Amino acid sequence: MGLSQKWKSVFEPALEECLDRDSCYTVSVSGGCDSMVLLRVLVELGYSSLSVFHINHQLRGEESEADAELVSRTMQALDLEGAVCETDTQEYADATKQSIETAARNLRRMAWADEMNQTKSKGVILAHHADDQVETVLMNLFRGAGSRGLGGMDAIRNFVINGKALTLIRPFLAIPRRKLREFAKQHDVAFREDSSNAELDATRNRVRHELLPMARKIFDRDVDEAVLRASRLCRLDESCAMENLVDLSVPARLPVNRLRNLPENLQWRFLREWLREQGIGDVSMRLVSDCLTVALSRENPAKVNLPGGHHFRRSEATLFIEWSD
């Protein structure tokens, strides 16, 4: 095994920026092109302490089963340890009154946190690439996001999910999808196409198949690099605001006075970051605003409903998340 210099120059710098060769990692592999290429590249570049993890959301019947089978065969062929996890995503979505997309994301994060802690790995490596980043930034823009949302996905992001640490690592964020497809073709990487990626009822798919092609036509050029450049600038701005002005240690139980003593323009940012670090998904501006109102109030203890059936609570001058069963 081993990559040519051409492919080393594409993948090696990205991986070395995020990963330590001597550490153990969990690789999330869906069976699609991006994650199958990620796994192959990691192996060929000598990352030997890998554990493969596949989540079957049971949403596409036989297709989902075939994805799991491909990942299992690939693990065996590469002589890697791993696990396949099954979740009843539809049942969870119905029970928690979440969209399928949100429910699937939350279930993935809970499963990743469990797997990461069980295997004692340093983080979970994901195959999100530059095209995913562009789509994410545009979706956040039209949802009214600030600089944090316009910064897109982080290459390394730490969470606490139901009291368990989770580190997500995305080394391919600067690598376009076409490069992954080219690699897969040249190296005969087996993968499966997710038929749902072509359905236009999902917002991300409409951004990918309708909005971006139209933007490229209107501006008569590839707009992806411009979006990525703007995203990098937003991340720099956000990093400056948060790291230089605020102590970002975020305990599970946050003293109210710590929030109240911040300048008004930083309270919103800090509370939003705290909610994210506690593992709350879909942290919208409206949600943060509602939580901030409760946090800064001097009335009786109160709560705000959070995604997943959880609650943001203030009690005895302390802020915390009340987790649902």
Side-chain angles (χ1 to χ4, degrees), residues 7-20 25 28 34-35 37-38 41-42 105 123-159 166-183 203-204 206-208 211-248 250 265-266 268-277 281-285 288:
W7 289 111
K8 278 187 177 181
S9 67
V10 172
F11 295 116
E12 204 163 41
L15 295 178
E16 289 180 346
E17 188 173 338
C18 298
L19 305 176
D20 176 1
Y25 294 98
S28 181
D34 308 332
S35 61
V37 167
L38 170 66
V41 167
L42 286 166
R105 182 176 65 246
V124 178
I125 311 176
L126 308 178
H128 293 123
H129 45 69
D131 297 58
D132 293 323
Q133 183 77 300
V134 170
E135 293 160 10
T136 297
V137 171
L138 290 176
M139 290 168 66
N140 289 344
L141 170 65
F142 290 108
R143 287 169 178 159
S147 58
R148 177 68 188 86
L150 297 181
M153 295 178 282
D154 296 315
I156 300 176
R157 187 71 189 274
N158 297 307
F159 299 85
L166 171 62
T167 298
L168 299 184
I169 305 170
R170 301 178 175 96
F172 283 1
L173 285 180
I175 300 175
R177 178 187 288 114
R178 59 180 172 79
K179 285 289 185 182
L180 305 184
R181 291 276 174 169
E182 182 183 347
F183 179 91
T203 302
R204 182 176 291 274
R206 298 197 69 181
V207 170
R208 179 180 305 166
L211 178 60
L212 276 166
M214 180 169 288
R216 293 172 187 132
K217 183 177 181 180
I218 290 172
F219 290 100
D220 195 25
R221 62 185 174 87
D222 188 344
V223 299
D224 295 51
E225 184 53 43
V227 174
L228 292 172
R229 183 168 60 251
S231 173
R232 287 192 292 270
L233 292 173
C234 285
R235 285 199 299 278
L236 288 173
D237 288 344
E238 186 70 11
S239 176
C240 177
M242 298 303 293
E243 293 181 9
N244 293 341
L245 299 176
V246 179
D247 175 6
L248 277 181
V250 281
N265 65 324
L266 291 179
W268 190 92
R269 271 180 164 159
F270 184 73
L271 185 56
R272 178 204 60 202
E273 193 69 15
W274 182 81
L275 288 167
R276 289 179 182 273
E277 294 299 329
D282 292 334
V283 183
S284 66
M285 183 179 295
V288 177

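Note that this is a predicted model, so its numbers are computed, not measured. Numbers here simply count residues along the sequence, with the first being 1.
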Verify the neighbour count for atom CZ of R276: are there more than 12 heavy atoms of other residues, nucleotides or ligands below 6.0 Å?
-> yes

Could you give me the CA-CA distance, side-chain angles and deciding distance for V10 and V41, then say whether side chain to side chain contact (heavy atoms under 4.5 Å, CB included) is met?
-> CA-CA 10 Å; V10 172; V41 167; over 6 Å; no

Under a 4.5 Å cut-off applied to non-hydrogen side-chain atoms, are F142 and L211 in contact?
-> yes

Gap separating the CD atom of E135 from the CZ atom of R208, nearest 0.5 angstrom = 4.0 Å

Measure the shortest side-chain to side-chain distance between L141 and V227 over non-hydrogen atoms and say whether it is less than 4.5 angstrom.
-> no

Measuring from R272:CZ to L266:CG, what's the distance to the nearest 0.5 Å?
-> 10.5 Å

For A130 and A174, which heavy atoms make the closest approach, and how far apart are they?
-> CB-C, 4.0 Å

Do L271 and W274 have side-chain heavy atoms sitting under 4.5 Å apart?
-> yes

Determine the minimum heavy-atom distance between R177 and D131, stating which atoms define it.
-> N-OD1, 2.7 Å

Go through the structure and list residues passing side chain to side chain donor-acceptor pair (under 3.5 Å) with N158, not counting sequence neighbours.
-> T167

Interatomic spacing from CD1 in I169 to CG in D20 - rounded to 0.5 Å = 10.0 Å

Do you know which two heavy atoms are closest between S28 and S35, and how far apart they sit?
-> O-CB, 3.7 Å

Applying side chain to side chain donor-acceptor pair (under 3.5 Å) to E182 and not counting sequence neighbours gives K6, Q186

Any N140 side-chain heavy atom under 4.5 Å of T136 side chain = yes

Distance-minimising heavy-atom pair for S147 and C234 = O-CB, 3.6 Å

List the atom of V207, the atom of P213, and the distance in Å for their closest heavy-atom pair.
-> O-CD, 4.2 Å

Throw together a table of side-chain donor-acceptor distances under 3.5 angstrom for residues 149-157, partners on residues two or more places apart or in other chains.
{"from": "D154", "atom 1": "OD2", "to": "R148", "atom 2": "NH2", "distance (Å)": "2.7"}

Closest non-hydrogen contact found for L42 with L19 is CD2-CD1, 3.7 Å

Over 60° means perpendicular and under 30° means parallel, so classify the ring planes of F172 and F11, tilted if in between.
-> tilted

To the nearest 0.5 Å, atom CG of L173 lies from atom CZ of R232 at 11.0 Å

